[in-house]
Amino acid sequence: MRAKLVVGNWKMNLTRPEAASCVEALVKQIDSYEDVEVGLCPSYLSIPVVGNLLQGKSILLGAQDVFWAGSGAFTGQVSPSMLKEVGVQICIVGHSEPRGRFGKLEIPESTISYFGETDQTVNLKLKALLYHGIVPILCVGETLAEREAGKTDSVIQDQLAGALDGIDAAEFIAGVVAYEPVWAIGTGKTCDTEEASRVCGMIRTHLAKLLDQDAADSIRVLYGGSVKAANAKELFRAPDIDGGLVGGASLNPEEFVQVIRAAH
Ligand code: PGA
């Protein structure tokens, strides 16, 4: 039986004092469930503050991204050992935003190449995280245009194959995959439960092909994209959805607590 996992992705929100108040409010209200794990991914700068407040609590400390090299001339990057040193346990990789695939924001063509994540860089980051014992949350998902062209499954299968190239079942067995349809991120449009569950099931079947059945049965497959208190219960009840990666709703402790309760 896979325990549910609910992870807050704070993206580029909350200053350090705001992050601290959010965690304080959250830990006051949160119940601890044996069948639900919770994680928080603040900005790099807030990780130490959040980590201090989570000392002795069962909430997992996370990061939103990482670079693959150990150290060196990589201005602006943060290495896996730097994350490890501040106590990071989980890390998002391959989110659609660093891939330059946005659900709502209009990014001008001239700056989109700034968001240059590819399946190859995701693969390098995954390997680096696994080497350092940080649990990766690998994000995959289709844009609206890809969905309308009937390419949802093939896009996701290609993302999984690219990300997991050269990684074996034993290495990724504790890993997490998040299905995040790009068109549902930050837009208020949730993928309907039946379709989200179908895609999460398809991801598990494909993981069995790329890795093996044992790994596929153990890996948590989350849904992300406008998860909130109002829809979390229905989504998390689906047999193939093992929890959620939650953006906007995780910034509000009252709302996020409701989402966590819904996973219990
Ligand atoms: P959202 O973001 O919940 O605000 O749609 C989810 C995510 O991008 O991880």
Side-chain angles (χ1 to χ4, degrees), residues 4-14 18-19 22 26 37-44 46-47 50 59-66 88 90-107 115 117 122 125-126 129 135-144 146-147 155-156 159 163 175-193 195-196 199-200 203 220-236 238 241-263:
K4 292 267 197 266
L5 175 64
V6 179
V7 177
N9 172 12
W10 285 356
K11 308 193 179 185
M12 199 178 71
N13 293 296
L14 307 185
E18 287 165 351
C22 192
L26 196 63
E37 275 190 292
V38 177
L40 284 179
C41 300
S43 75
Y44 283 139
S46 293
I47 290 174
V50 171
I59 300 175
L60 300 165
L61 181 63
Q64 299 171 16
D65 201 0
V66 67
V88 165
I90 56 174
C91 183
I92 296 169
V93 176
H95 191 281
S96 53
E97 286 153 10
R99 288 183 198 253
R101 290 151 67 85
F102 292 90
K104 192 171 72 174
L105 269 186
E106 296 283 334
I107 302 287
F115 303 92
E117 189 87 281
V122 172
K125 291 176 179 187
L126 273 184
L129 288 172
V135 174
I137 302 177
L138 165 63
C139 299
V140 295
E142 81 289 359
T143 61
L144 189 58
E146 289 161 349
R147 169 161 286 270
V155 164
I156 292 170
Q159 288 172 340
V176 177
V177 175
Y179 167 50
E180 299 211 306
V182 177
W183 49 271
I185 295 179
T187 57
K189 290 184 207 140
T190 323
C191 187
D192 76 65
T193 305
E195 174 61 4
V199 177
C200 290
I203 288 173
R220 260 97 51 100
V221 181
L222 314 182
Y223 168 78
S226 298
V227 175
K228 45 187 182 271
N231 58 24
K233 207 167 205 150
E234 192 191 321
L235 283 162
F236 297 163
I241 300 179
D242 299 322
L245 183 55
V246 187
S250 70
L251 296 167
N252 175 334
E254 286 72 33
E255 176 97 13
F256 193 43
V257 164
Q258 297 298 321
V259 173
I260 294 162
R261 281 196 191 130

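Side chains are part of it too, since the values below use all heavy atoms of this structure and drop only hydrogens, waters and symmetry mates. Order of listing sets the numbers, starting from 1, for every ligand and every atom in it.
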For this session: Using atom types as modelled and distance alone, determine if a side-chain donor or acceptor of Q258 lies under 3.5 Å from a backbone N or O of K228.
Result: no
Problem set entry | Interatomic distance, E97 atom CD to Q64 atom CD [nearest 0.5 angstrom] | 9.0 Å
Exercise. Does CD in E234 sit with more than 12 non-hydrogen atoms of other residues, nucleotides or ligands closer than 6.0 Å?
Worked result: no
Exercise. Do F256 and L40 have side-chain heavy atoms sitting under 4.5 Å apart?
Worked result: yes
Problem set entry | D242 side-chain N/O to C200 backbone N/O, donor-acceptor pair under 3.5 Å | no
For this session: To the nearest 0.5 angstrom, please state how far the OG atom of S43 sits from the NZ atom of K11.
Result: 14.0 Å
Within the protein, flag every N or O under 3.5 Å from an N or O of ligand 1, and note the pair and distance.
from, atom 1, to, atom 2, distance (Å)
ligand 1, 2 (O), K11, NZ, 3.2
ligand 1, 3 (O), S226, N, 3.4
ligand 1, 3 (O), G247, N, 2.9
ligand 1, 4 (O), G248, N, 2.9
ligand 1, 5 (O), G186, N, 2.7
ligand 1, 5 (O), S226, N, 2.8
ligand 1, 8 (O), K11, NZ, 2.7
ligand 1, 8 (O), H95, NE2, 2.7
ligand 1, 9 (O), N9, ND2, 3.4
ligand 1, 9 (O), H95, NE2, 3.3
ligand 1, 9 (O), E180, OE1, 3.3
ligand 1, 9 (O), E180, OE2, 2.8

